[in-house]
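Take a look at the structure set out below.
Computed from a predicted model, the values in this text were never measured in an experiment. The residues of the chain are indexed from 1 along the displayed sequence.
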Amino acid sequence: MCKYFENIQKQQRGFLRGKNIIELGSGTGLLGIASAMLGAKVTLTDMPLMLEVMKNNISLNSRTLVTSNVTTKVLSWGKEAKGFNPPYDLVIGSDITYEDEWVESLVDTIIALSNDQTEIYIGYESRQMNAESKFFACAEQHLDILETIPTKDLHPCFADTSIFILRMKVKPSPPTPSQGP
């Protein structure tokens with residue numbers, strides 16, 4: 001997804017510049033750090049044991065990175081997002097849909113951090129696992145999948161028929177009876 005964002009940045013000058021982004025399940029922080037290098041203000045999130053890894057990687061990239069544009073925070077999916085300031089311009093995550101038990105909490109977290117203007121990018125490798133089906137079943141209730149990024153738009157080294165990037169938005173809330181249609 002880093003290369004995809006880099007390509008979009010070239011096509012749409014400033015695609016990420018100044019955007020407020022939160023990355024879910026950041027792991028090493030690669031995607032979020034790359035997004036910050038492209039001009040975004042990024043919050044990397046993961047479980048507590050990954051914070052030092054992310055901070056170290058931010059430090060290792062400090063020569064090419066405005067480190068004030070990257071912060072790290074603990075975020076347990078499905079829990080109240082205290083200390084966060086939603087909505088974000090983009091919610092991003094790569095390879096975060098593979099655990100059955102976390103799918104519903106992941107979708108709940110995406111919704112909590114978004115509004116109807118937020119773009120959501122989720123990258124994953126199709127492994128034909130139950131979690132993938134469960135993610136789609138849960139996501140289709142709350143999220144509109146705007147597009148699956150075509151393989152031809154991925155970097156040639158990563159353009160594989162089993163690798164996907166979804167671009168989504170939160171479904172609009174239905175009007176309340178007092179609002180009318």
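Expressed to the nearest 0.5 Å, how far CG of Leu106 lies from SG of Cys138 amounts to 8.5 Å. Atom SG of Cys2 sits about 8.0 Å away from atom CD1 of Ile92, to the nearest 0.5 Å. Rounding to the nearest 0.5 Å gives a distance of 8.5 Å between CD1 of Ile8 and CG of Leu16. Here CG of Leu24 is found 12.0 Å from OG of Ser105. Values are rounded to the nearest 0.5 Å.
Side-chain contact between Met168 and Glu147: absent, with no pair of heavy atoms (C-beta onward) separated by less than 4.5 Å. Within the 4.5 Å cutoff, side-chain heavy atoms of Ile96 are placed close to those of Ile122. No side-chain heavy atom of Asp116 sits less than 4.5 Å from a side-chain heavy atom of Pro172. A 4.5 Å side-chain heavy-atom check between Phe136 and Leu166 finds at least one atom pair inside the cut-off. Under the 4.5 Å side-chain criterion, counting only non-hydrogen atoms from C-beta, His142 is not in contact with Lys171. When side chains are defined from C-beta on, Val103 does not count as touching Thr97, because their heavy atoms never get closer than 4.5 Å.
Defined by atom type and a distance below 3.5 Å, a donor-acceptor pair is present between the side-chain atoms of Asp100 and Asn130. Side-chain contact check for Asn115 and Thr118: at least one donor-acceptor pair (N or O, by modelled atom type) lies under 3.5 Å. Donor-acceptor pairing under 3.5 Å is lacking for the side chains of Glu6 and Tyr4.
Taking the centre of each ring, Tyr124 and Phe135 stay at or above the 6.0 Å mark.
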*asked:* Let's go through Phe84 and Leu75 carefully: what are the C-alpha distance in whole Å and the side-chain angles of both, what is the deciding distance for side-chain contact (heavy atoms from CB on, under 4.5 Å) to 0.1 Å, and is it a yes or a no?
replied: CA-CA 9 Å; Phe84 293 88; Leu75 176 60; 3.9 Å; yes
*Give the intermediate values and the outcome of side chain to side chain donor-acceptor pair (under 3.5 Å) for residues Glu132 and Ser126.*
CA-CA 7 Å; Glu132 187 177 326; Ser126 180; 3.1 Å; yes
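Leu90 and Ile22 are members of different hydrophobic clusters when ILVMFWY side chains are connected at heavy-atom separations under 4.5 Å. No chain of hydrophobic side-chain contacts below 4.5 Å, direct or via other Ile, Leu, Val, Met, Phe, Trp or Tyr residues, connects Leu143 to Tyr98. Cluster annotation: Trp102 is connected to Leu113 through the hydrophobic network of ILVMFWY side chains, with a link wherever side-chain heavy atoms come within less than 4.5 Å. Clustering ILVMFWY residues whenever any of their side-chain heavy atoms sit less than 4.5 angstrom apart, transitively, puts Ile120 in a cluster other than the one holding Leu154. In terms of hydrophobic clustering, with Ile, Leu, Val, Met, Phe, Trp and Tyr side chains grouped at heavy-atom distances under 4.5 Å, Trp77 and Ile111 are assigned to a common cluster.
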Show every donor-acceptor pair shorter than 3.5 Å between a side-chain atom in residues 28-55 and any protein atom, with sequence neighbours excluded, or say none if there are none.
from, atom 1, to, atom 2, distance (Å)
Ser35, OG, Leu31, O, 2.9
Thr43, OG1, Thr71, OG1, 3.4
Thr45, OG1, Glu23, O, 2.6
Asp46, OD2, Ser26, N, 3.3
Asp46, OD2, Gly27, N, 2.6

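Scanning all heavy atoms of the two residues, the minimum distance from Asp153 to Ile149 falls at CB-CG2, 3.8 Å.
Asp144 places no side-chain N or O within donor-acceptor distance of the main-chain N or O of Lys169, the cut-off being under 3.5 Å. For Gln9 (side chain) and Phe15 (main-chain N/O), a donor-acceptor pair under 3.5 Å exists by modelled atom type. Remark: the backbone N or O of Arg167 is not paired with any side-chain donor or acceptor of Glu119 at under 3.5 angstrom.
Residues meeting the side-chain contact (heavy atoms from CB on, under 4.5 Å) test with Ser133, sequence neighbours left out: none.
Remark: Lys3 fails to qualify as a cation-pi partner of Phe5 under the 6.0 Å distance and 45° angle criteria applied to the six-membered ring.
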